Amino acid sequence: MRRRSVSLLGLAGLLVLPLTSIPQAQAQAPAQPRAQERGEAAAAADSLVSAGKPVTASSVEGTGFEAGKAVDGNTATRWASLEGVDPQWVRIDLGATHTVSRVKLNWEAAYGKAYRIQTSADGTTWTDVYATTTGDGGVDDLTVSGSGRYLRMHGTSRGTPYGYSLWEFEVYGAPSGGGVPGGPAIPFGSHLKPYATGTLKPSGAQAVLDQKVVEYYNKWKAAFVRQNCGNGWYQIISPDADHPYVAEAQGYGMVVTATMAGADPDAKKIFDGLVKWKIDHPSSVNPNLLAAEQDTACKSVNGGDGATDGDMDVAYGLLLADKQWGSAGTYDYKDLALKHIAAIKKDELNPTTKLLKLGDWSSSGDQYYYISRTSDWMVDHFRAFRTASGDTTWDAVRSAHQTQISRLQSTYASGTGLLPDFVVDTNTTPKPAPGQVLEDPNDGAYWWNACRTPWRIADDAVTSGDATSLAAARKLNSWIKTKTGGDPNKIAIGYKLNGTQISAGSEAAFFAPFAVAAMTDPGSQAWLDALWNKMLATPVDTSSYFSASIQLQVMITASGNHWVP
């Protein structure tokens, strides 16, 4: 990460492609009767294809009524929409194109009087395969004929004053041999990996939160995703960095595109282009790592060595991709991830302190060997590396970093919880940098690197519920909420560790990360909502991949869509 200057906010006037859309009125398919007696041939061909598949919904009544409850095989759990609102829908992603012959709806008391069963190849354009205006609840066992990867119940008129609620939503059919095998296992908006109990999300319908993320993602994508220099490469351009392409940006891109799979039909194509970039730009120190910087000709420069922050996200993104699409395609994501993780351990981890180094270029005896950057301390990444590799070293690494987070907060920022950009003397008594040690006179302050730490710490807190991460995130949240009086517009650009403001102004890289910290405090709903609304009111800064990429990833977490592979 190189020194940055404050940038002006600019709006990219770009086309926004929705995650899903409520279709315009279509010609109503003829209503079909419930199938009381199914033909032997049809019955023999039927198999349940919806069990445990990713499900999204237009809304959820509350905790415990998530969309996935409709396909969990348990008739004691259910999906329920918001009460008193039409229309509503619940959508199943079958993972590949299927022919569908039967749909079974097991309604709770809140049923649909008028609804349609619809199929879609892409999750956007829908075709009716059944429609009724005389639903009466109970169990609707329907004979249908259609095909698609996605199938949904789209309710337009409730049978009660409440909402729509299904104990089970069963789809029967068979793969058609076409479509998209290898679709994402955890598509954006599926919320298949719930957060720790007590975690907040911004107020409002889940579908609306998801939609806002997709809108921002599409603008971010148009502003920063490139296909320059040919060769099948995709890159994330970095207009605010020292060079057009930096490893940190590519790491962000890999994590983001793997997470947005299911919302962006091009996610895998972009991801594979980023993988090719990584493979074709190896570090000069360890070829399993990514060279940190490239010029306008897409050539690695400045020695071609690696940077820890970018490599951490590259490895994590590869693990996400393995879970999303498997590793039997063009690239073996899992193998690449394991090699990357092993290379981080070998050349970007200090074997004595178990703290991350600045890059693979730092070696024993140089002045940087016992310096670490706090924004690289990605605790959820360490957990993922441990799970994927089976290497218990990553448990020790996670513990070492969490210990230093707690120690730095209590010793040097007891009133704020703020972390410095850089920590020195990690082999003796780690402390904030005394001045400029790498980038800036504020290297020992909460500045353009450490601004990411509330997000990084709280990402682990909300996904794991870990007590140490929770305590660290809550300390940060408590201070900033009090400091600003609950007004996100008062979050400054940089602070000394005692809370003294460094620079005036407002920048997404500084205000957005506090939203994830706010999620950890049950008493901060209004504060979280204010931060979320501040993000919604902040357009993509097309001059800063740094701020825009941070805000996007914060929004992904805040909406409930961050997950650990």
Side-chain angles (χ1 to χ4, degrees), residues 6 195-204 374-375 377 379 402 404-421 423 431-432 442 444-462 465-538 547 550-551 553-555 557-559:
V6 180
Y195 289 163
T197 301
T199 300
L200 300 179
K201 282 193 288 187
S203 299
T374 61
S375 54
W377 299 359
V379 178
Q402 288 187 293
Q404 289 307 321
I405 290 170
S406 300
R407 185 182 161 279
L408 288 164
Q409 284 187 321
S410 62
T411 305
Y412 299 100
S414 59
T416 66
L418 296 170
L419 298 181
D421 273 13
V423 178
K431 63 184 180 182
N442 287 314
Y446 181 83
W447 196 226
W448 283 96
N449 286 291
C451 62
R452 295 172 284 185
T453 57
W455 155 46
R456 293 301 196 184
I457 292 168
D459 257 1
D460 182 63
V462 302
D466 179 89
T468 301
S469 293
L470 278 169
R474 286 171 175 168
K475 190 173 186 67
L476 286 160
N477 178 65
S478 177
W479 170 74
I480 193 64
K481 184 168 64 168
T482 301
K483 175 77 173 178
T484 61
D487 183 357
N489 295 306
K490 294 181 180 178
I491 297 176
I493 299 176
Y495 294 94
K496 300 296 183 182
L497 298 189
N498 65 4
T500 301
Q501 177 178 316
I502 295 176
S503 180
S506 181
E507 185 79 21
F510 283 88
F511 66 73
F514 284 114
V516 190
M519 296 171 68
T520 68
D521 175 22
S524 289
Q525 186 67 61
W527 171 235
L528 173 59
D529 289 346
L531 287 160
W532 177 258
N533 290 331
K534 169 76 170 172
M535 288 190 285
L536 296 185
T538 302
S547 281
I550 290 171
Q551 175 163 323
Q553 291 174 93
V554 166
M555 292 177 71
T557 300
S559 64

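Heavy atoms only: backbone and side chains are in, while hydrogens, waters and symmetry mates are out. Here the structure is a predicted model, which is why all the values come from computation and not from measurement.
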Open item on the list: Please give me the minimum heavy-atom distance between Ala472 and Gln409, naming the atom from each residue.
Closed with: O-NE2, 3.2 Å

Task: Expected output: side-chain Thr482 to main-chain Ser478 donor-acceptor under 3.5 Å - done: yes

TODO: Go through the structure and list residues passing ring pair (Phe, Tyr, Trp, His ring centres under 6.0 Å) with Trp377, not counting sequence neighbours.
DONE: His401

Task: Lys534 side chain near Ser506 side chain, heavy-atom distance below 4.5 Å - done: yes

- [ ] Nearest 0.5 Å please: distance from the OG atom of Ser559 over to the CE atom of Met519.
- [x] 8.0 Å

Open item on the list: Once side chain to side chain contact (heavy atoms under 4.5 Å, CB included) is applied, do any residues pair with Ala512, and if so which ones, sequence neighbours excluded?
Closed with: Met535, Gln551, Val554

- [ ] Can you see which heavy atom on Pro513 is nearest to which on Pro454, and at what distance?
- [x] O-CB, 3.7 Å

TODO: Mind checking side chain to side chain donor-acceptor pair (under 3.5 Å) for Asp421 and listing every partner two or more places apart, or none if nothing turns up?
DONE: Asn449

Open item on the list: The criterion is side chain to side chain contact (heavy atoms under 4.5 Å, CB included); which residues satisfy it with Ala492, sequence neighbours excluded?
Closed with: Tyr495, Gln501

Task: side chain to side chain donor-acceptor pair (under 3.5 Å) against Trp455, all qualifying residues, sequence neighbours excluded - done: Asp459

TODO: Report yes or no: do Asn477 and Ser524 form a side-chain donor-acceptor pair below 3.5 Å?
DONE: yes

- [ ] Find the distance between CG (Leu419) and OG (Ser375) and round it off to the nearest 0.5 Å.
- [x] 10.0 Å

Open item on the list: I'd like to know if the side chain of Thr374 reaches the main chain of Pro420, judged simply by a donor and an acceptor atom lying under 3.5 Å from each other, with no hydrogens or angles considered.
Closed with: yes

TODO: Provide the full list of salt bridge (charged side-chain N to carboxylate O under 4.0 Å, His left out) pairs with a residue in residues 514-525, sequence neighbours left out, each pair given once.
DONE: Lys481-Asp521

Task: Minimum heavy-atom distance Ala558-Pro202, with the two atoms named - done: O-CD, 3.1 Å

Task: With Thr468 via side chain to side chain contact (heavy atoms under 4.5 Å, CB included) - residues at least two apart - done: Gln402, Ser406, Asp466

Task: Residues in ring pair (Phe, Tyr, Trp, His ring centres under 6.0 Å) contact with Phe510, at least two apart in sequence or another chain - done: Trp448

Open item on the list: Donor-acceptor pair, distance only, cut-off 3.5 Å: does the side chain of Tyr195 make one with the backbone of Thr557?
Closed with: yes

TODO: Please name the pair of heavy atoms, one in Gly198 and one in Pro522, separated by the smallest distance, quoted to 0.1 Å.
DONE: O-CG, 4.3 Å

Open item on the list: Please check: side-chain N/O of Ser414 versus main-chain N/O of Thr411, any donor-acceptor pairing under 3.5 Å?
Closed with: no

Open item on the list: With a 4.5 Å cut-off on side-chain heavy atoms, are Lys483 and Thr416 touching?
Closed with: no

- [ ] Identify the heavy atoms of Ala509 and Ile550 that sit nearest to each other, and give their distance.
- [x] CB-CD1, 3.9 Å

TODO: Check Thr520 against Ala458 and note the closest heavy-atom contact, atom names and distance.
DONE: CG2-CB, 4.2 Å

Task: Lys431: partners by salt bridge (charged side-chain N to carboxylate O under 4.0 Å, His left out), with sequence neighbours left out - done: Asp425

Open item on the list: Just to verify, what does Asn533 make a side chain to side chain contact (heavy atoms under 4.5 Å, CB included) with, not counting sequence neighbours?
Closed with: Leu536

Task: Candidates Leu497, Leu418, Thr453, Val423 - the one meeting side-chain contact (heavy atoms from CB on, under 4.5 Å) with Leu408 - done: Val423

TODO: Can you sort out the partners of Trp479 under side chain to side chain donor-acceptor pair (under 3.5 Å), two or more places apart, ordered by chain and number?
DONE: none

Open item on the list: Please report the interatomic distance CG(Leu470) to CD1(Ile457), rounded to the nearest 0.5 Å.
Closed with: 11.5 Å

Open item on the list: Nearest 0.5 angstrom please: Thr538 OG1 to Met555 CE, how far?
Closed with: 9.5 Å

Task: With sequence neighbours excluded, residues passing side chain to side chain donor-acceptor pair (under 3.5 Å) with Thr500 - done: Asn498

TODO: Give a yes or no answer on whether the side chain of Gln525 reaches the backbone of Leu200 with a donor-acceptor pair at less than 3.5 Å.
DONE: no

